Amino acid sequence: TVTGVQTCALPICHGYGEDQFFLVSEKDQHPGIVRIFCRSHLLYSAELPVVYYSHLLIFAFMPIKIAVTGASGHIGNVVCRMLAENGHHVRALYHSDTRSLDAIPVELVNGDVLNVADMEKFVDGCEYVINCAAIISIEGDKNGIVFRTNTEGPRNVLVASLKKGVKRIVHISSVHAVHDLPHAEPYDESRPYKTSGDFVYDYSKATGEQIRSEEHTSELQSQFRISY
């Protein structure tokens, strides 16, 4: 037994499924190279000691240090809870309220995504960053804070992560970043983005998504559009 190491067992599968997690390993290598995929996306890869037992592969699982912005929000606190339940070390950024994180074992950090120095300090030493920080508004943006948070915020997180050597960034976007019509077609990457003539929240999320393209970091970042 090694402190900080967990043991996991997963089915040995070769290939991809629509909604299932699959694990691919190289049996002839010790330690074996373990890769975990979901919907063709690589979620985890590491050289770990492995043991094969029947159809299961048992391997030592090293918890990952993951930084989560917007951690006290509706999405962020759920992400933190799930990561903590799976044994990861979670560094949680909050702005003013921590009540949703009270029962979750996280490392609390107070900060602002609009402050570059805050972000550099926050992501330092973390392997992955999940950017959930955003402001939702149905009443416009009188003081500009919605647009700034949803555009400058992702850029500051990205720049800080690049500087500190973060391996992967996950940006939480919104279905409102792209045009709603036509309803009969898939909501995929081919849909055009909302523009300045659209609702300010929608335009801010569309702009925030496109930052990774401007910075030429598409290989570093993954983006998920949720119904927010």
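Computed from a prediction, not measured in an experiment: that's the story for all the values here.
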* Exercise: do Glu209 and Tyr193 side chains pair donor with acceptor under 3.5 Å -> yes

* Report, as yes or no, whether the 6.0 Å neighbourhood of atom NZ on Lys65 holds more than 12 heavy atoms from other residues, nucleotides or ligands. => yes

* To do: Apply side-chain hydrogen bond (donor to acceptor under 3.5 Å, both in side chains) to Asn131 and Thr69, showing your working.
  => CA-CA 5 Å; Asn131 182 39; Thr69 69; 2.5 Å; yes

Ignoring hydrogens and geometry, is there a side-chain-to-backbone donor-acceptor pair from [X] to [Y] under 3.5 Å?
X	Y	result
Ser100	Ser72	yes
Ser137	Gly140	yes
Arg168	Tyr128	no

Side chain to side chain, [X] and [Y], heavy atoms closer than 4.5 Å:
X	Y	result
Asp180	Lys194	yes
Ile138	Tyr201	no
Lys167	Glu127	yes

For [X], side chain to side chain contact (heavy atoms under 4.5 Å, CB included) partners two or more places apart:
X	value
Glu189	none
Ala160	Met119, Glu120, Val123
Val109	Arg91, Leu93, Glu107, Phe122

* To do: Would you mind listing every side-chain hydrogen bond (donor to acceptor under 3.5 Å, both in side chains) that reaches into residues 143-154, with sequence neighbours excluded?
  => Arg148-Glu152, Asn150-Ser204

* Would you mind listing every side-chain hydrogen bond (donor to acceptor under 3.5 Å, both in side chains) that reaches into residues 108-117, with sequence neighbours excluded? => none

* Asked: How would you list all residue pairs meeting ring-ring contact (aromatic ring centres under 6.0 Å, His included) that involve residues 95-119, not counting sequence neighbours?
  -> none

